[in-house]
Amino acid sequence: DDQLFSASVFEDVSFGPLNLGLDEAAARKRVEEMLDRLGLTELAERPAHLLSFGQRKRVAIAGVAAMQSEVVLLDEPFAGLDPTARHEVMATLDQLEADGATVALATHDVDLAYGWADRVVVLADGTVAAAGPPATVLHDAERCAAARLRRPGLVDLLDAAVDAGWLEQAEARRIRSTSALEGLIRARPRA
């Protein structure tokens with residue numbers, strides 16, 4: 001809410017590129033491309049104060065992305081979003097990564113971090129408690145508990161599948177989403 005202040009979405013997303021020194025034509029081209037890439041073109045002339053919470057988050061991200069930042073830092077970008085808006089913001093972040101940006105976000109949502117991140121850093125009491133691949137860091141129940149986090153639900157499910165002999169440990173560590181687990185189960189021959 002504090003980041004959006006212009007009369008329209010287009011003007012708001014233009015703010016960064018114009019302040020980088022781009023001329024009006026270059027800024028307009030960049031903003032039009034970003035709005036199109038992020039599925040926001042239909043909102044271009046709408047006042048920011050009339051947008052939904054999820055739309056405002058996506059527009060704020062578009063404003064940063066229009067500056068073609070190499071790194072985008074976000075703090076709890078999914079807080080307060082319904083499932084549809086959450087999916088839209090996630091698609092926006094995926095598009096930024098596809099465009100070459102590094103996206104780093106702070107979140108308490110360990111399920112999101114496990115399924116989406118390439119690398120996680122767990123902070124506890126102002127220090128780095130663990131860092132590395134999600135499948136390694138977020139499997140460690142003691143480390144998660146020390147940081148006042150719970151392990152991802154999928155990790156508990158995968159551990160149960162390993163304990164029951166349905167999966168090998170190495171196979172379980174490669175699964176990062178429920179859809180991947182579902183695909184694996186469907187591909188298994190039925191006994």
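Sequence positions, counted from 1, serve as the residue numbers for this chain.
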Contacts of A129 that satisfy side-chain contact (heavy atoms from CB on, under 4.5 Å) - sequence neighbours left out: V122, A124

Partners meeting side-chain contact (heavy atoms from CB on, under 4.5 Å) with D156 (sequence neighbours left out): R151

CE on M34 to CD on Q68, rounded to 0.5 Å: 6.5 Å

With E97 via salt bridge (charged side-chain N to carboxylate O under 4.0 Å, His left out) - residues at least two apart: none

Test side chain to side chain contact (heavy atoms under 4.5 Å, CB included) applied to L181 and L154, step by step: CA-CA 9 Å; L181 178 58; L154 180 59; 4.0 Å; yes

Those residues that, when tested against H108, pass side-chain hydrogen bond (donor to acceptor under 3.5 Å, both in side chains) (two or more places apart): E76

Those residues that, when tested against R150, pass salt bridge (charged side-chain N to carboxylate O under 4.0 Å, His left out) (two or more places apart): D111

Partner set under salt bridge (charged side-chain N to carboxylate O under 4.0 Å, His left out) for D36, not counting sequence neighbours: none

side-chain contact (heavy atoms from CB on, under 4.5 Å) partners of E32, counting only residues at least two apart: F10, R28

V103 with M67, same ILVMFWY side-chain cluster at under 4.5 Å: no

Kindly list each side-chain donor-acceptor pair under 3.5 angstrom involving residues 134-141, sequence neighbours excluded, with atom names and distances?
from, atom 1, to, atom 2, distance (Å)
H139, NE2, Y114, OH, 3.3
D140, OD1, E142, N, 3.2
D140, OD1, R143, N, 3.0

Partner set under side-chain hydrogen bond (donor to acceptor under 3.5 Å, both in side chains) for S52, not counting sequence neighbours: Q55

Verdict with reasoning, D109 to R86, per salt bridge (charged side-chain N to carboxylate O under 4.0 Å, His left out): CA-CA 12 Å; D109 186 340; R86 182 183 173 99; 2.5 Å; yes

Contacts of type side-chain hydrogen bond (donor to acceptor under 3.5 Å, both in side chains), residue E168, not counting sequence neighbours: none

By side-chain contact (heavy atoms from CB on, under 4.5 Å) - contacts of T84 (at least two apart): D82, E88

Nonpolar side-chain network containing L18, other nodes, edges under 4.5 Å: none

